[in-house]
Structures are given as structure tokens and as C-alpha cells.
Amino acid sequence: MPAPTPATAIDSLLLRCTPAAHETATTLAQAALALLRRDFADLRLVRVAQQPQGIAYLYFALGSPQPLSADQTRQAERRLQSAGSAGLAACELSRLQLVMHCIGPANGEATPVHYAVEMDPEADWQDELFAWYDQEHLPGLAAVAGTAQAFRYLNLDHGPLSLACYDLVDAEVMGCPAWLAVRGTPWSARVRPHFTNTRRTMFDAQPLVEAIS
């Protein structure tokens with residue numbers, strides 16, 4: 001019998017799922033939250049993001065960082081998959097470890113757009129890629145007008161390893177001169193070719209209601 005996986009202190013959970021035609025991301029979030037709260041009484045749903053007619057990312061926050069092993073996450077994932085929902089049957093549940101959270105100038109405004117960038121660093125490039133993200137890129141994009149918040153997490157389970165995400169007032173923020181200037185620095189040009197398994201996804205962010213907050 002394999003030894004249990006050591007527990008790591010984590011801040012959040014990410015549930016990736018694809019709602020069936022008769023489901024919505026919000027109904028799946030309600031169902032998932034009820035199931036997950038059997039293990040995490042202080043769990044809160046903090047973001048529901050979905051591509052039109054496609055994959056949904058459901059973000060849950062723990063009341064405080066706490067140890068959670070890969071084995072515990074897999075057990076919770078299996079419970080979700082067997083709950084009888086078509087949209088949860090192939091879901092993926094991951095532990096997220098918060099690396100950085102930046103508040104932007106649009107904090108407090110409605111943010112109907114959620115943009116996520118996921119990647120695995122190329123071998124031998126992790127230290128520099130993470131330094132670039134944390135010292136220049138994430139703070140720089142967070143400071144652009146129209147950005148409310150920016151986060152970077154480590155995805156400890158289903159990956160890719162680095163997940164950077166941005167809550168935006170409009171998709172046009174990503175085409176403005178200030179955003180493009182941050183993306184176009186010399187350091188960015190040096191490190192970006194060393195992303196692997198890259199996923200860049202634009203989501204519609206669903207407003208949360210009191211019943212699932």
C-alpha cells in the first residue's frame with residue numbers, strides 16, 4: 001500500500017467542470033459547495049467563470065490556509081464525480097496555493113470578465129519565470145486601469161503548475177496601451193518563450209448570490 005501523500009497548507013480549491021446542456025455553472029457551484037462543505041465547513045465560493053457553452057472554473061476559498069494532501073483532494077474529487085451530475089462526472093479538483101494577490105484600480109467595480117493564464121515552466125526556467133511574474137508581470141497588469149484584482153496560484157494537482165488570473169471590467173482592457181506595454185517588456189520577451197503546456201482562457205464571470213457565497 002503506498003504511503004499517504006504529505007499534506008500541504010493550501011488557500012483555495014479550483015474545480016474545473018463542463019456543465020451539461022440542462023445545467024449552469026451556478027447550479028454546479030451550488031451542488032459542489034454543498035458536497036465540499038462536508039469536509040471544509042468554512043469553504044466559500046468566490047468566483048464562477050465559464051466560457052460560453054464550455055468549461056467552467058469554480059474557485060473556492062478556505063477560511064484560512066490548512067493542510068490538505070493530494071489523497072484528500074482525490075477523495076473529494078471522486079465524491080463530486082459520483083454525485084450524479086453530468087457536469088461533475090469528469091470534473092477535476094485541484095489544490096491552489098496562493099503566491100500573490102494584487103488589488104487593481106477597478107477594485108469594487110463589476111468584473112464580468114475573468115482571464116486565466118496557465119503554464120508549466122520549461123526545465124531550468126522556473127525560478128526566472130516565477131521571479132518575472134511576481135516582480136514585474138502580475139503587479140504590472142494589476143495596476144492597469146480596468147483591472148480589479150490579479151492572483152497567481154500554484155496548482156498542486158491537475159496543473160499546469162502556474163495559474164495567473166485577472167478580474168477585468170471589460171475584455172478591451174487587454175488591448176489597451178498600458179496592458180500591452182506590460183506584456184511587451186524586454187524581460188517578458190526573454191521568458192515567455194519558455195512557457196510550456198500553456199492555456200490562455202477568457203471567461204464570462206458570473207455574479208455570486210448570497211445563497212452560494
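Sequence positions, counted from 1, serve as the residue numbers for this chain.
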| Is any side-chain heavy atom of D204 closer than 4.5 Å to a side-chain heavy atom of P52? | yes
| message | Regarding Q51 and T201, do their side chains bring together a donor and an acceptor under 3.5 Å, going by distance alone? | response | no
| request: May I ask you to test the L88-L28 pair for a side-chain heavy-atom distance under 4.5 Å? | output: yes
| query | Do L156 and Q97 have side-chain heavy atoms sitting under 4.5 Å apart? | reply | yes
| said: Would you say that H114 contacts C165 through its side chain, given a criterion of any heavy-atom pair below 4.5 Å between the two side chains? | reply: yes
| request: Would you name the heavy atoms of D170 and V113 that are closest together and state the gap between them? | output: C-CG2, 4.0 Å
| note | d(D157 CG, R95 CZ) to nearest 0.5 Å is 4.0 Å
| task | Using modelled atom types only, decide if a donor and an acceptor are shared between the side chain of D167 and the backbone of T111 within a distance under 3.5 Å. | result | no
| Whether over 12 other heavy atoms sit under 6.0 Å from E172 CD | no
| query | With under 30° as parallel and over 60° as perpendicular, where do the rings of H137 and W132 fit, or are they tilted in between? | reply | parallel
| task | For the pair T147 (side chain) and L168 (backbone), establish whether a donor and an acceptor sit closer than 3.5 Å, ignoring hydrogens and angles. | result | no
| query | Do I103 and Y59 belong to the same hydrophobic cluster, where Ile, Leu, Val, Met, Phe, Trp and Tyr are linked whenever their side-chain heavy atoms lie under 4.5 Å apart, directly or via other members? | reply | no
| said: Using 0.5 Å steps for rounding, measure from the OG1 atom of T73 to the CG atom of L68. | reply: 4.0 Å
| Near-ring test Y166/W179, centroid separation under 6.0 angstrom | yes
| field | Exercise: do D120 and T196 side chains pair donor with acceptor under 3.5 Å | value | no
| field | H101: partners by ring-ring contact (aromatic ring centres under 6.0 Å, His included), with sequence neighbours left out | value | F151
| message | Test side chain to side chain contact (heavy atoms under 4.5 Å, CB included) on V191 and F130; report intermediate values, then the result. | response | CA-CA 10 Å; V191 300; F130 285 2; over 6 Å; no
| message | With heavy-atom distances below 4.5 Å as the criterion, would you say the side chains of R47 and Q206 are in contact? | response | no
| query | Just checking, any donor-acceptor pair under 3.5 angstrom between side chains of R152 and Y133? | reply | no
| So does R37 pair up with D42, basic N to acidic O under 4.0 Å? | no
| field | I55 to T18 - nearest heavy-atom pair and separation | value | CA-OG1, 3.8 Å
| query | Is the gap between the ring centers of Y115 and F203 under 6.0 Å? | reply | no
| Are L93 and L14 side-chain neighbours, meaning at least one heavy-atom pair lies under 4.5 Å? | no
| note | For T185 and S188, the nearest pair of non-hydrogen atoms, with its separation, is OG1-OG, 2.8 Å
| message | Would you say W187 and E128 are linked by a side-chain donor-acceptor pair, where the criterion is simply a distance under 3.5 Å? | response | yes
| said: Between E23 and S85, do the side chains contain a donor N or O and an acceptor N or O under 3.5 Å apart? | reply: yes
| message | Within the 4.5 Å heavy-atom criterion, are C176 and M174 side-chain neighbours or not? | response | no
| field | Backbone of S69 reached by a side-chain donor or acceptor of R74 within 3.5 Å | value | no
| remark: Nearest heavy-atom approach of A90 to Q81 is C-NE2, 4.4 Å
| Heavy-atom pair of closest approach, residues A106 and G146 | CB-C, 3.8 Å
| request: Keeping the roles fixed (side chain from R79, backbone from L35), state whether a donor-acceptor pair exists under 3.5 Å. | output: no
| request: Would you indicate whether the side-chain heavy atoms of L154 and V99 approach each other to under 4.5 Å? | output: yes
| task | Apply side chain to side chain contact (heavy atoms under 4.5 Å, CB included) to L161 and N155, showing your working. | result | CA-CA 5 Å; L161 177 61; N155 185 324; 5.7 Å; no
| task | Go through the steps to decide whether L58 and F60 satisfy the test side chain to side chain contact (heavy atoms under 4.5 Å, CB included), and finish with yes or no. | result | CA-CA 7 Å; L58 312 179; F60 301 89; 3.8 Å; yes
| remark: Scanning both residues in full, the closest heavy-atom pair of L43 with L33 reads O-CD1, 3.9 Å
| said: Hydrogens and angles aside, do H158 and E77 bring a side-chain donor and acceptor to less than 3.5 Å of each other? | reply: yes
| Any donor-acceptor pair under 3.5 Å linking the side chain of S82 with the backbone of R78? | yes
| query | Can you check side chain to side chain contact (heavy atoms under 4.5 Å, CB included) on C102 and L138, steps first, answer last? | reply | CA-CA 8 Å; C102 299; L138 198 85; 4.2 Å; yes
